[in-house]
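Numbering of residues begins at 1 and proceeds along the displayed sequence. What's counted below: heavy atoms across the whole structure, side chains too, no hydrogens, waters or symmetry copies. For clarity, every value in this text was computed on a predicted model and none was experimentally measured.
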Amino acid sequence: MKDFLFGLMAKVSGQSYSPSWESKIFSIFNAGLFLLILLVIFVIYFYRYFWQDKENRRLGIVSVIILFTIIIGKFVLFKIKTGYIPDRLLFYALPSPKIVNPIWFILAVGIFYLFIIWREKLQNLTVKKFLVTLCLIFFVFASSVAGIREGAKSIMDPMTRTYWEYTGNIPLIVNTHDFLRDYEVLRPQLALHSTVHPPGYSLLVYYFHKLFNVSFLGISLLIILTSGFSIFPLYFLLKNFFEERRVRNILQLYIFIPSIVLMSGTSLAAFFTTIVWSAITLLYIGWRKSWFLSALGGLTAGIALFSNFLFLLLAPVFLSIFIYVWLKNDTQKRARSVFNLAVSFLSFVLFFVFLWRWSGYSIIENFIVSRGANQEIVISNWQSVWVYFIFIIMNLLSFGISLGVANGLIIFKDKNNFFIKNKPELWLGFAYVLFLLSVGVFQGELERLWMFVVPFFLFPLGKSLEKISERKFSLILSLLFLQIIFIQVLFYTYW
């Protein structure tokens, strides 16, 4: 048996036997065994509850076939060729089956099982209890998934890479004022990813470390928790477009979207997603009826930009939202919307003026220098027409898979229902993805980079839920869960 496994490892990796493989056999065997058990349980569950319905049967079979085709394709790609582009094709991960401690696998499966059987009770909770409970479910589930491979070590793994990650800047921060004042002076000492971003992420992990007295594991868990907080602004935004029960279903779908679960424990893009959608929600509601929420939204937008320059690429979205609000309002309310827009812009600008006057930090100088650093580190999409279109295909595949195979099939099936003239929320996500693809600044890794784009697709998915029964909805959730577990066990998602 051991010889067979060594032979299989050699074929997959393309490497000859190494003594270190002895320690890997157990974790690979665990991975295969527990995935097989899960697959058998899923087949029995699928046959018992969904097989009789033709649509459910088709959705389940097609989703599983696509998922396993993707998994096999990723292993084959890794066997054929490695490198910058091959590593990022389909999705950004390395084939590496592993379960060191099965308790984390069992915990993730158990949480999902309890969620499915208690889902109706969850639906009937008060709004406050529903949102808090859903946030806690997400936190425990995402944490357990992150720990499937090597337990706590897997959860904190990204934060331990201090040469690359923002945790490497914690020793450089004596206090906020001095760090901001000296940000450009400290640039040669900063963790590599910090050199192309503003200081927001670095300060966030510093505050986590300082306020809660936590190290790498605690910081990772707090990042997962902040990702779960995105449920709150999304609820209040979705309430403007869907009735209560559908909003609750949409949010249940959201906490099992693969990229949201798999990347929340490994990337500060999770925090960025929460802050971006807090800004969108506050500004949408504020521009309609409240100068105070507009001011708060402008401040939140400032914090988002202070965290990641990708926020600048949301300018067309905010313009579209304001035009939508302005057109929806009657003539008398339009003047108020313009006033609220001015208030939000003023609070946005004043946030950076305050930082500049207080510490000397300039977001404009930071952007110019970071842009130059980014051009030195990241290869250009514009090298040739071939490279440009390769990246477009790669980005589409990566984002589509990370959104969830089952979700993709639902969206594709109902594609003609989304492009309704007076329902821009249904097609805004598609238009925005085309915009992001066309600007040519992304080279894969969209599982984490485009986490903030995922909520745009909650609107078309919410529209599709009109025609989906509760049983079919449970199937969709189960298929997303299956995808999450298989990818986490079989691949090292090293962001």
Side-chain angles (χ1 to χ4, degrees), residues 162-210 267-269 271-276 278-280 283 295-319 341-382 435-436 439-443 445 448-449 452:
T162 53
Y163 172 78
W164 296 91
E165 299 299 339
Y166 305 94
T167 47
N169 297 331
I170 291 176
L172 302 176
I173 306 175
V174 177
N175 57 62
T176 304
H177 175 276
D178 291 357
F179 182 65
L180 291 178
R181 182 195 63 198
D182 301 331
Y183 193 66
E184 294 305 329
V185 176
L186 290 169
R187 182 172 288 276
Q189 304 173 56
L190 294 175
L192 192 62
H193 290 156
S194 309
T195 61
V196 296
H197 290 297
Y201 286 161
S202 298
L203 287 172
L204 179 69
V205 297
Y206 167 74
Y207 294 146
F208 283 163
H209 169 69
K210 197 77 172 176
S267 171
L268 280 155
F271 168 76
F272 184 63
T273 301
T274 297
I275 205 72
V276 162
S278 296
I280 289 174
L283 290 173
L296 196 57
L299 177 62
T300 309
I303 295 171
L305 179 57
F306 185 61
S307 302
N308 195 322
F309 286 124
L310 281 181
F311 187 76
L312 294 170
L313 293 174
L314 280 159
V317 171
F318 286 107
L319 177 61
L341 171 67
V343 169
S344 63
F345 182 73
L346 182 63
S347 68
F348 174 80
V349 171
L350 285 177
F351 171 71
F352 291 106
V353 170
F354 167 76
L355 291 179
W356 174 60
R357 295 290 295 173
W358 176 61
S359 67
Y361 169 78
S362 169
I363 190 72
I364 296 173
E365 178 188 1
N366 188 186
F367 173 73
I368 293 170
V369 177
S370 296
R371 189 168 179 271
N374 187 69
Q375 290 174 340
E376 292 178 6
I377 296 172
V378 180
I379 65 176
S380 172
N381 297 45
W382 302 93
F435 165 73
L436 292 177
V439 296
V441 297
F442 297 98
Q443 300 86 26
E445 306 173 32
R448 64 179 182 90
L449 290 175
F452 75 97

For residues 345-354, which side-chain N or O atoms pair as donor and acceptor with protein atoms under 3.5 Å away, sequence neighbours left out?
from, atom 1, to, atom 2, distance (Å)
S347, OG, A295, O, 2.8
S347, OG, L299, N, 3.4
S347, OG, S344, O, 2.9

Please assess L180 against L203 for the test side chain to side chain contact (heavy atoms under 4.5 Å, CB included), listing each intermediate value before the final yes or no. CA-CA 9 Å; L180 291 178; L203 287 172; 4.0 Å; yes
Could you tell me which non-hydrogen atom of A191 sits nearest to which non-hydrogen atom of G168, and how far apart they are? CB-CA, 4.5 Å
Report yes if the side chains of N169 and Y206 come closer than 4.5 Å at any heavy-atom pair, otherwise no. no
Which pairs, with at least one residue in residues 184-197 and sequence neighbours excluded, count as a salt bridge (charged side-chain N to carboxylate O under 4.0 Å, His left out)? E184-R187
Regarding T176 and Y207, do their side chains bring together a donor and an acceptor under 3.5 Å, going by distance alone? yes
Measure the spacing between CD1 of I173 and OH of Y166 and express it to the nearest 0.5 Å. 12.5 Å
Applying side chain to side chain contact (heavy atoms under 4.5 Å, CB included) to L305 and F309, what does each step give before you reach the verdict? CA-CA 6 Å; L305 179 57; F309 286 124; 3.9 Å; yes
Side chains of L268 and V205, heavy atoms from C-beta outward: is any pair under 4.5 Å? yes
Verdict with reasoning, L355 to I363, per side chain to side chain contact (heavy atoms under 4.5 Å, CB included): CA-CA 9 Å; L355 291 179; I363 190 72; over 6 Å; no
When rounded to the nearest 0.5 angstrom, what distance separates OG1 in T273 from CZ in R448? 11.5 Å
Chi angles and distances behind the side chain to side chain contact (heavy atoms under 4.5 Å, CB included) call for L190, Y183: CA-CA 9 Å; L190 294 175; Y183 193 66; 3.9 Å; yes
Should the heavy atoms of other residues, nucleotides or ligands under 6.0 Å from CD1 of I364 be counted, would the total exceed 12? no
What is the minimum heavy-atom distance between A279 and G297, and which atoms define it? CB-O, 4.1 Å
Taking the side chain as C-beta and beyond, is there a heavy-atom pair between L314 and F452 under 4.5 Å? yes
Establish, from distance only, whether the side-chain atoms of Y361 and N366 form a donor-acceptor pair under 3.5 Å. yes
Are side-chain heavy atoms of Y201 and H193 found at a separation under 4.5 Å? no
Distance col, row D182:CG vs H177:NE2, nearest 0.5 angstrom, shows 9.0 Å
Closest non-hydrogen atoms of T195 and L192, given as atom of the first, atom of the second and distance, are OG1-O, 2.5 Å
What are the two closest heavy atoms between V276 and A304, and how far apart are they? CG2-CB, 4.4 Å
